[in-house]
Every structure is written in C-alpha cells, then in structure tokens.
Asks: 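Got a structure for you, written out below as structure tokens; questions coming shortly.
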Amino acid sequence: MNSKQGVLGAHLALYGSGPRARLLFAVALGLLVVGLVVINYRANLGPQWSDPDSMMRLVEVRDLLAGQGWFDLTQYRLDPPGGVLMHWSRLVDLPIAAIILAASPFVGRGDAELFAANLWPVLLVIPFAFALASVAGRFGGGIARLVTLLMIFLSPQVKGVFLPGDLDHHNIQAVLIALMLMGLVRADGARRWSLVAGVAAAASLAVGMETLLAVLLAILGLAIAWIVDADRWRRGLMLFNGALMVGTLLAAAATIPPSRWLVPACDALSFAYLIPVLIGGSAVIALAAMLRGHSDGVPGLLMRGGALAAVASILVAVAAVLFPTCLGGPYGGVDPAIRSIWLDRVSEAQGLIATLKGEPDLVPPLYIAPFAAFVLGALALRRMPVADRTAFAIVLSILGGSVLLGVMQLRALVGAQIVASAAVGVVASLAIKATAGHDDLSSIARRWAWLIAVPVLWALLVMAVGRLANQPDPDAADDATMTDCRAFFADVLGVRAPGLVVATSNFGSFLLKATPHGVLAAPYHRDAHGILAVDAVFTGADPEAAFRATGATYLATCTGDAELQQMAERAPEGLAARLIQGIRPPWLVEVASRPAGMIFSAKPSGLDVTGSLPVLRLRPSIRD
C-alpha cells in the first residue's frame with residue numbers, strides 16, 4: 001500500500017482545496033440533493049403530509065397571497081372570531097410565496113404549492129452544506145468537508161429539516177446558524193467574515209427565537225476568544241456585534257408593525273430583545289475599543305473577563321427589571337394553565353429525564369452522538385496547530401453549550417447536531433492525516449473513532465436491539481391511524497359550508513389547510529384560549545355546555561389520537577374517555593363515522609324529544 005494512503009486508500013490530495021477536491025465536494029453535494037429529492041419526493045400535500053408546522057406555514061402563505069397584510073400575522077380561522085397572532089416571521093413566507101406565484105401560471109395554484117413544498121427545503125440544503133463544510137474545511141481541508149457532508153446525510157435530525165415538504169422555518173434557521181459559524185471561525189481574518197456572522201445571527205433571531213441560545217453561545221465563544229487573545233480577535237468581536245445590532249434593527253423594521261415596536265414579546269423578535277442587543281452590543285464594542293490587549297498577560301485577561309462579566313450582569317438586571325417574564329426564555333410568557341395539559345407533553349420541550357422515561361430510544365442518537373462529538377473535538381483540540389485552537393474552541397463552546405442545554409430541552413439538540421457535523425469532519429480529517437501510512441490496530445481505531453458520533457449508527461443500534469427483543473413499533477400504527485383520520489376529516493368536512501370545528505390540537509393545522517372551517521385548537525402556545533376550550537369539552541364535567549359555549553358547528557375525534565388518549569387518561573369520566581369506549585352522549589348527533597374517527601354536531605338546544613307539544617298561548621278573545 002502506498003505510504004500516503006490510509007486503510008481505504010484515501011489520497012492526501014483530498015486534504016487540500018484544489019480543483020480536484022472542490023469537484024469531488026460538488027459531486028457529493030449533488031448526490032445528496034438528488035438523493036433527498038428522489039427518495040423523499042412528495043407526490044401530494046394530502047393526508048400523508050403529517051407536519052403541522054409545515055401545514056400552518058402553507059396556510060399563512062395562502063393568506064399572504066390572498067391579500068392579508070405583510071405585518072398582519074393573525075390566523076383568523078384559529079380560535080375565531082379574534083384569531084391568534086402568530087409568532088412566526090414573514091421572512092420565511094416570502095420565498096415560498098414567490099415560488100408559488102412564479103409557478104402558478106404554468107401548473108395552477110395547487111401544483112405550484114406542491115412544487116414549492118418539494119423545491120424550497122431541498123434548495124436550502126445547498127447553502128447549508130456549503131457553509132457547514134466550510135467551517136470544517138477551515139481546520140481540516142477537503143477531507144473534513146467531505147466527512148461533514150456525510151455527517152449531514154447520516155444525521156436524521158439535521159437532514160430531516162431539508163426533506164421535501166418541510167416548509168417550517170427550522171431549515172432556514174439551520175442555514176443561518178451554519179453561515180454564522182462559517183463567519184465566526186474566520187472572525188480573526190478578513191472583515192467580511194465577522195459581518196457575515198453578525199448578519200446571519202440577526203436574521204436567525206428574526207426568523208424565530210429557537211436560535212437564541214445558539215446566538216448567545218456564539219457571542220460567548222467569540223468573547224472568550226477575545227479575552228484569551230485580544231489583539232487577534234478584537235476587530236472581529238467589534239464587527240460581529242456591530243453587524244448584529246444593525247441587522248437586528250433592520251429585521252425588526254421589516255417584520256414588526258410600528259404599532260408593536262414597543263410591545264415586548266418573549267417568543268419573537270421584539271422590544272424585549274432589541275434593548276439587550278443594543279445595550280450589550282454597544283458595551284462590548286466600547287470595551288473592545290478600550291481594552292486593546294497588547295501583550296498584557298494575565299492582568300489583561302482578568303480585566304477583559306471581568307468587564308464582560310459586568311456587561312452580562314447589567315444585561316440580566318435590565319431584563320429582570322423590564323422583561324422579567326422573558327428570563328424564562330421564548331416560552332416564558334406562556335399561560336400556566338396549558339403547561340401541564342399541553343406544553344409539558346410537546347416532545348421538543350422535554351428534557352433528558354422525560355425522554356428517558358417516555359422515548360428512551362431517542363437518547364443514543366440525540367444525546368450520546370453529539371456528546372461524543374464534543375469529547376472527540378476536545379481531544380483533537382490539543383493536537384491541532386496552535387493558531388487554529390482558539391477558532392475551533394468557539395465551535396466546541398457552541399457544541400458543548402447546546403448539548404448541556406439539550407439536557408433541559410430537546411430542541412437545543414438539533415443545533416448541537418449541526419455543529420457536531422462540522423466538528424466530526426475536523427476530527428476525522430486530523431485523524432486520517434495523523435495516521436496516514438499506518439495500518440496498525442491503534443491507527444485504524446483512531447482513524448475511525450469518529451463513527452461513534454454518527455447519529456444514524458446509534459439509531460440503527462437501537463432499532464436492532466428492539467427487533468431482537470421483539471418490541472412492536474407503535475409509531476407505525478399510530479401514523480397510519482392519524483393518516484386515515486386526516487383523510488376522513490378532509491372528505492367529510494372539506495365539502496361542507498365553513499363552520500367551527502372542535503378537535504384536538506393535533507388536527508388543527510391540517511383542518512385549516514384542507515377545509516374551509518375554523519378550528520379552536522392548534523399546537524401553538526399562543527393559542528392558549530382555544531386549547532383550554534377544547535380541553536374543557538373533552539375533559540370537563542359538563543362537555544355539552546362547554547361545546548355550546550364555543551359556538552362550534554362540529555366535533556371531530558380520532559380514537560387513535562395520542563392527545564385524545566391523554567385527555568381520557570386525565571379525565572376517565574370525560575367526553576374523550578367515553579367516545580374512545582364507544583359511548584355517545586345523547587346531545588351529540590353523528591354526521592359521519594369510520595373505524596378510526598367520528599364527526600358529530602350538537603342537537604339544537606331546547607329541543608323537546610318526549611313527543612308532547614308545547615302549550616299554545618291563546619289570544620284573550622279565544623279564551624273568552
């Protein structure tokens with residue numbers, strides 16, 4: 001074997017960034033895109049489409065194209081008549097609407113929506129993969145870029161946000177986080193990289209507050225780099241914060257109506273975040289300008305660290321005084337009444353303990369894989385050139401922080417896996433370079449150690465253990481039942497005059513997309529009133545009164561719906577439990593039914609069913 005080849009004959013020419021390496025990366029990325037389309041192409045947006053957030057995004061885009069205002073994010077058919085002001089961003093609606101408008105003259109509106117649903121998510125994987133591979137390439141060259149691309153394909157949580165049909169905002173947030181990382185690891189170089197990172201961070205906050213933790217960790221990582229090596233990172237820190245401030249202001253002006261500029265909101269870009277960004281950004285820029293750090297040693301390090309700690313303390317104090325609710329994060333303002341009955345059951349809001357109890361098979365791919373990537377990255381840090389260590393430490397700080405936060409909330413682990421994909425690419429590249437030409441057992445083990453951080457391998461291991469133990473797959477049966485119920489609801493309710501439907505939040509987005517009806521509940525924390533109203537119908541002591549109080553036209557149930565089953569467990573004597581048992585209260589009239597679901601309306605109130613006639617009121621002349 002050639003001394004410059006590894007166990008699979010990987011040539012050292014791949015480590016560089018020449019034409020051959022770039023061509024190989026372009027071909028690999030093309031294969032990834034083609035694979036996503038061919039394997040996951042969505043033939044329709046019917047009942048098999050199960051993502052409620054993507055459905056709701058399509059509903060918002062339809063409303064925008066129908067003339068609803070740019071700044072008006074109210075979903076008027078959700079908990080009518082007032083509707084629910086959604087916390088999403090029009091910045092995501094805009095490109096989807098543009099694709100639909102461009103395609104409609106050629107294929108019609110329905111097929112244009114399908115075209116956009118298949119095209120938009122897959123288009124986004126191109127800048128995402130390029131940016132993330134660029135992060136790894138900064139430290140490990142061509143082989144690091146290729147391994148990072150492979151990690152994207154082997155990470156279901158990362159690849160999943162780019163599948164055809166995923167119109168949710170998580171894919172564009174992933175792109176922006178990758179762009180932010182790409183700029184951060186080069187913030188000690190050309191000015192443009194710090195500006196790219198700052199603008200990407202601002203845009204990610206405008207799209208949704210799910211990236212708030214990632215942005216805070218990025219600021220922390222860059223700040224630590226400045227503390228350790230002020231001369232090298234001072235300009236990057238100043239430019240990043242300046243771009244973050246300007247970008248956040250521009251995004252706020254573009255997405256927040258003037259009437260709400262001074263209205264704080266914890267779950268969306270608002271006054272509650274603008275103030276800390278402006279105060280904190282200005283303070284950090286001033287500190288970086290004053291504490292220049294020319295070989296000032298430990299005293300300078302302590303001075304910079306203490307100054308940044310003081311700024312952080314001031315920001316926490318400002319938030320505690322002006323926006324105390326938002327210290328609890330994006331869900332800080334959620335109505336406490338829906339926490340136990342809905343929010344605590346949302347999977348992405350669960351922590352490690354709840355996941356171990358409810359879905360232990362998710363722990364290895366979601367927790368162990370990124371943690372392994374962090375450990376491998378930390379071990380590789382001391383082996384890489386000194387000049388690269390601080391920049392790579394920024395990557396590890398974001399990765400480690402995301403894993404730690406994931407212990408409290410599952411949602412942080414998608415960001416962790418994004419960063420882990422780049423970190424693993426670096427680890428693999430450094431190991432292959434260090435062991436090139438050595439095929440002893442120790443070198444082979446080091447060369448392939450990165451495989452323990454591949455999420456899909458952990459998922460396959462869990463699946464194999466489950467099959468060996470003959471464990472059934474309840475998700476497959478539940479998915480089939482929910483698909484049948486969605487098809488049934490669309491067939492029956494889709495052709496009826498608009499009304500109001502009482503159904504669990506699991507069906508809210510689908511009913512808004514597939515029918516002309518309004519719904520009370522959908523899986524969004526701002527819809528607390530509607531969620532509580534539906535819960536009162538299905539679990540309350542007087543379901544008839546609760547139903548009539550909503551003014552609803554129909555009641556739709558699916559006996560295999562996990563949310564309905566949870567309601568039945570909480571209230572064994574409630575309507576949900578009775579319907580699952582096949583008991584139908586006399587005040588309900590069946591509209592249609594199938595084995596999986598039922599649709600009812602209420603009997604007119606005050607209807608006498610005894611057969612007797614009401615007493616006639618006679619005119620006095622007749623009585624006399």
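Index from 1, following the sequence. These numbers come from a predicted model, not from an experiment.
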Asks: Does atom OH of Tyr367 have more than 12 heavy-atom neighbours from other groups under 6.0 Å away?
Replies: yes
Asks: Any ring-ring contact (aromatic ring centres under 6.0 Å, His included) pairs touching residues 165-218, not counting sequence neighbours?
Replies: Trp88-His169
Asks: Using 30° and 60° as the class limits, which term best fits the ring planes of Phe128 and Phe162: parallel, tilted or perpendicular?
Replies: tilted
Asks: Arg446: which residues meet the salt bridge (Lys or Arg N to Asp or Glu O under 4.0 Å) condition with it, sequence neighbours left out?
Replies: none
Asks: In this structure, are over 12 heavy atoms from other groups packed under 6.0 Å from Arg191 atom CZ?
Replies: no
Asks: Are any side-chain N or O atoms of Thr355 and backbone N or O atoms of Gly351, one a donor and one an acceptor, separated by less than 3.5 Å?
Replies: yes
Asks: If we ignore hydrogens and angles and just use 3.5 Å, is the side chain of Thr148 paired with the main-chain N or O of Ala133 as donor and acceptor?
Replies: no
Asks: Enumerate the salt bridge (charged side-chain N to carboxylate O under 4.0 Å, His left out) contacts for residues 171-183, please, sequence neighbours excluded, ordered by first and then second residue.
Replies: none
Asks: Under the rule for salt bridge (Lys or Arg N to Asp or Glu O under 4.0 Å), what residues qualify as partners of Asp229, not counting sequence neighbours?
Replies: none
Asks: Step through the shown structure and confirm whether more than 12 heavy atoms of other residues, nucleotides or ligands are within 6.0 Å of OH on Tyr273.
Replies: yes
Asks: Report the residues that fulfil salt bridge (Lys or Arg N to Asp or Glu O under 4.0 Å) with Arg232, sequence neighbours left out, ordered by chain and then residue number.
Replies: Asp188
Asks: Looking only at atom types and distance, does a side-chain atom of Lys513 sit under 3.5 Å from a main-chain N or O of Pro52, one as donor and one as acceptor?
Replies: no
Asks: Using distance alone, with no hydrogens and no angle criterion, decide if Ser443 and Thr435 have a side-chain donor and acceptor under 3.5 Å apart.
Replies: no
Asks: Going by the rule salt bridge (Lys or Arg N to Asp or Glu O under 4.0 Å), which residues pair with Arg186 if we only count those two or more places apart in sequence or in a different chain?
Replies: none
Asks: Can you name the one residue among Leu58, Leu167, Val61 that meets side-chain contact (heavy atoms from CB on, under 4.5 Å) with Asp93?
Replies: Val61
Asks: Would you call Asp439 and Arg447 a salt bridge, using N to O less than 4.0 angstrom?
Replies: yes
